[in-house]
Structures are given as C-alpha cells and as structure tokens.
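In what follows, a structure is listed as structure tokens, so that the remarks can point back to it.
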Protein chains: 2
Amino acid sequence: MSDIEIPESHPRYQSLLTRHRIEEGVEKGITSRQGLIAQGRGEAFDYLLGERTIPSADEAARAAAAHLLLADHPVISVNGNVAALCPGEIVELAAAVDADIEVNLFNRTDERMRAIVDHLRDHGADEVKGLTADGRIPGIDHERAKVDADGIGSADVVVVPLEDGDRAEALGAMDKVEIVVDLNPMSRSAQVATVPIVDNIVRAVPNITAHARDLRDAGATREELETIVVEFDADAALDAAERAIRAGTDDE
Amino acid sequence: MSDIEIPESHPRYQSLLTRHRIEEGVEKGITSRQGLIAQGRGEAFDYLLGERTIPSADEAARAAAAHLLLADHPVISVNGNVAALCPGEIVELAAAVDADIEVNLFNRTDERMRAIVDHLRDHGADEVKGLTADGRIPGIDHERAKVDADGIGSADVVVVPLEDGDRAEALGAMDKVEIVVDLNPMSRSAQVATVPIVDNIVRAVPNITAHARDLRDAGATREELETIVVEFDADAALDAAERAIRAGTDDE
C-alpha cells in the first residue's frame, strides 16, 4: 500500500494514509497544487460525513456497478488525485467490469500525463488511454476538452471520480451515463451525475468493484441489472448525503 | 491586492482570490503542501458556512479585540497560510492593538522562516519575531515548541490563526489567553481557545481590527473591555458555528 509508518490503531489512520498518498503524488509529479487543495476540501466533507460509506452511497455504488456491467463501452477517467489515491483499485475496477482507463487532466501537461500513465502501469494497468487526445468534449475550452476518440469520446458509461463541474456538465450533455464520485453532494459534478456516489474515493472505488463482482457471481440478468439502474434515485441519494453531512454522526 | 484577473462579479470571487493567494504563497516558498490541504479543508467549511461572518463569529472578534486592548504583551502568531492570505491585514491588526508579530511554523525551516519574514516586511511589518527561537512551549516536540522568549514565550495574549491542535493545546496550558481563528468549530484548536473565531481568516483579521478601532474610538474603559471579555461564551459560540455549518445557509 504505502511505506509510511502510521499505526493502524491511530483514530485517523485512513485519513493520514490518504493524505500521505496525495503528498507522494506531488513528489511523483502526479498531483497538482489544485489537487492538494481539492484533497483538503474532501477531507473536510469526509470528516463531517463521519469518514464512512453511508447507506445511500453504498446503493449508488451498486447502481454504478449495474451500469458498468450493462455498458457497451465503459471508461474510467483518472486524474492526478485519483491516480495518487487509488491506482491499484482503479485497475481492479477496470478489470472487474471490462472498462478502459483514460487519463484526463484539468491541468494537462505532457509531463503529468506521462507520469500518471506510468504510475497506473506500475499498479498493473495494461493499456492506458488519454495520450492520443484526438477527440473533443463539445462545449468546453479546447485544452479542457481533449479526450481519446476511442476512449471517453465513444464511451456510453463514464466513471469520473473527482471531476470538475464544467466537464462533468459537458460530459452529461453528451448523453453519456455519468458516474461521479464526489464528497460534496452540493457540487455541480454530483448534481449533474446520472449516479452520484458521495463517498471517499478510496472507499467508493473498491466498493463498486465488490458490487460488480457480487452481481456477476450471483448471475444477475440484464433485466435485474436494469431494474437496479432504474430504481436508483440520484436526487434522493444526494439529499440523504447532504442530511448525513449536516446531521453529523447520526444515521441518515 | 493581487494581480489575478477574476471579475469581482464572479459568484466565488473571494474564494478564488483566496485560493490564488495561497498558490502565490507556494511560489514564494511561504506555503507548504500541508498548507494547501489545510486551505482546502477551510474552503469546504467556509462553503458550508455560507462564506460569511456569522453573528457569533462577529461577537468573538469583538471579544478578541477587547482581550488584545487589555493585554500587557499581545503577540500575533503567523504561519505560512496566514502570511500568504492576509499579510497586510496582520500588520494592520498589530498596529491597531500594539501587538508583536511572530512567525511560528509547524514545518519550520530557515528558508521558509526568512521568506515569511520578508513577505511580512514587504507588507509593512517593522519588527518580526520568530527567528531567535530561544524559548520553548512546554509539553510538545522540540522542533514544534520553538518560540521567541521575548515574543510568544512571554505573551499574555496570543492570536494563533489556523494553529495546529497540539500547539494550541500546549499554549493554552501555559495560561495564556488564546485567540484562535479556525473554520472548523470541532477542531481541537477551536475547542481549547479562550476565544474561538469560526470565520475565514481573510474576514476575521480585519474584523478584529475594526472592533479594536471602534472600541478605542468610543473610549471604552478597562471595565467595559473586561465586561466584553467576561460576557463572551466560547462554548455557545462554537455551538452556534456548528449549527450554522450543519444548517446551511439559514441563520444560526
């Protein structure tokens, strides 16, 4: 996992480990300054949430798994913080649902792109898309719009953890099923998502994988997966998350 | 103020300007990585607070001003984020209440100490303490404990904006009046403060200055200042702040 020495008994073990990974990401040229600030915002929301996966986030992760299993061409979008925080978990999710992985940066530089691709390969990724950048997301700035035409460009389901609001909105407008992981239920990314998962990415990504494996192992049919998809209520999930954050350590 | 071009009409003008100042702080060697993450945590709490000074924070700022006017030897402790976010405002507060300014870093390096001292001087500070480091705060780690004997070491009232919990606790144990600015009312620093001000530092510091000037201009007597100090209820202020954060944009 990581070479930092934090006793697992420490009450803030996971939070400190997560922060350590983000700082390592800076050393490796993966995480940006904006990424560090975003990490801090996430920490605050997670703290208010009680640093746990609330029931509505677990349901959202299950709906996300169903969408991914139903997809023709699912793609997982990875930015600097995602790569720093859970590279191995992203690779496992991609394998579990047969998805492509595409690096997609808000502050795109060739150097960071390559550092992230290498980091994902070090964690077991085979093919990593994003370097071709021959496609565009309509409606946003040229630099921000770059995607691979045979990756996010032609995906029917995209997982965009920790995505910026403008791009989340533009991707949604392309009629893709959008699965967002974001600790702020009031953020634009969470609001525009088909499936918003209000949870820490280090808990959410393995949780989607676990649900996908469970559904597959149980032999869930297309109809059953479609029922899970249809029954998921994004607005109710966002409301539940906001209530959990506002109410503190109580149940939703 | 700053050379970034953000239209003042932008709904998140102040938040973006603040973030820009923190990033400039990194360029100048003033702000640390931990400081960037802390900035993000603050942004999230401020967002939930409605990015405004709530009435209980205004009362706390008034109590802080009264404490500072009553003090024999008030000192304002400045770390990397404080220096990056409101250097001029710190210098004005120090002048208004005749306080010393002392640089006091959690991650202390000579280079950062000097960069911050220079930055404060560029913003009008005369004398800046912190480089002597011939005093110690009892009960914490050697490196973290360094202070100037004739600065924080002998202060009766200290303003410690954005202070780490361990040091806030240790300073409190030294029987100093401790004025903390922190956007998280549940943080240890806020909990141990004599006067916790749950507000963004870019609003809180000028607000303390304004209250100090008002009280002085109104010719407040020692008795009147002592009444303000005694009537301030830290626990009630923290409760009100937590309610405001949990309740969202409604009044306290």
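Order of the sequence lines sets the chain letters (A, B, ...), proteins ahead of strands, with each chain counted from 1.
The distance from atom CD1 of Ile37(B) to atom CD1 of Ile37(A), rounded to the nearest 0.5 Å, is 10.0 Å.
Checked by atom type and distance alone, the side chain of Arg246(A) pairs as donor or acceptor with a backbone atom of Ile245(B) at under 3.5 Å.
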Exercise for the section: Could you check Glu43(A) against Arg41(B) for salt bridge (charged side-chain N to carboxylate O under 4.0 Å, His left out), going step by step and ending with a plain yes or no? Expected result: CA-CA 6 Å; Glu43(A) 281 183 13; Arg41(B) 283 196 299 276; 2.6 Å; yes
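The 12-atom threshold is exceeded at CZ of Arg121(A), counting heavy atoms of other residues, nucleotides or ligands nearer than 6.0 Å. In Arg62(B), the CZ atom is not crowded: 12 or fewer heavy atoms of neighbouring residues, nucleotides or ligands sit closer than 6.0 Å.
Residues Arg33(B) and Arg33(A) have side chains not in contact (no heavy-atom distance under 4.5 Å, counting atoms from C-beta outward). For the pair Phe45(A) and Phe45(B), the minimum side-chain heavy-atom distance is 4.5 Å or more. Looking at Gln39(B) and Leu36(A), their side chains never come closer than 4.5 Å, going by heavy atoms from C-beta outward.
Chain A forms the most heavy-atom pairs under 4.5 Å with one residue out of Gly35(B), Gly40(B), Ala38(B), and that residue is Gly40(B).
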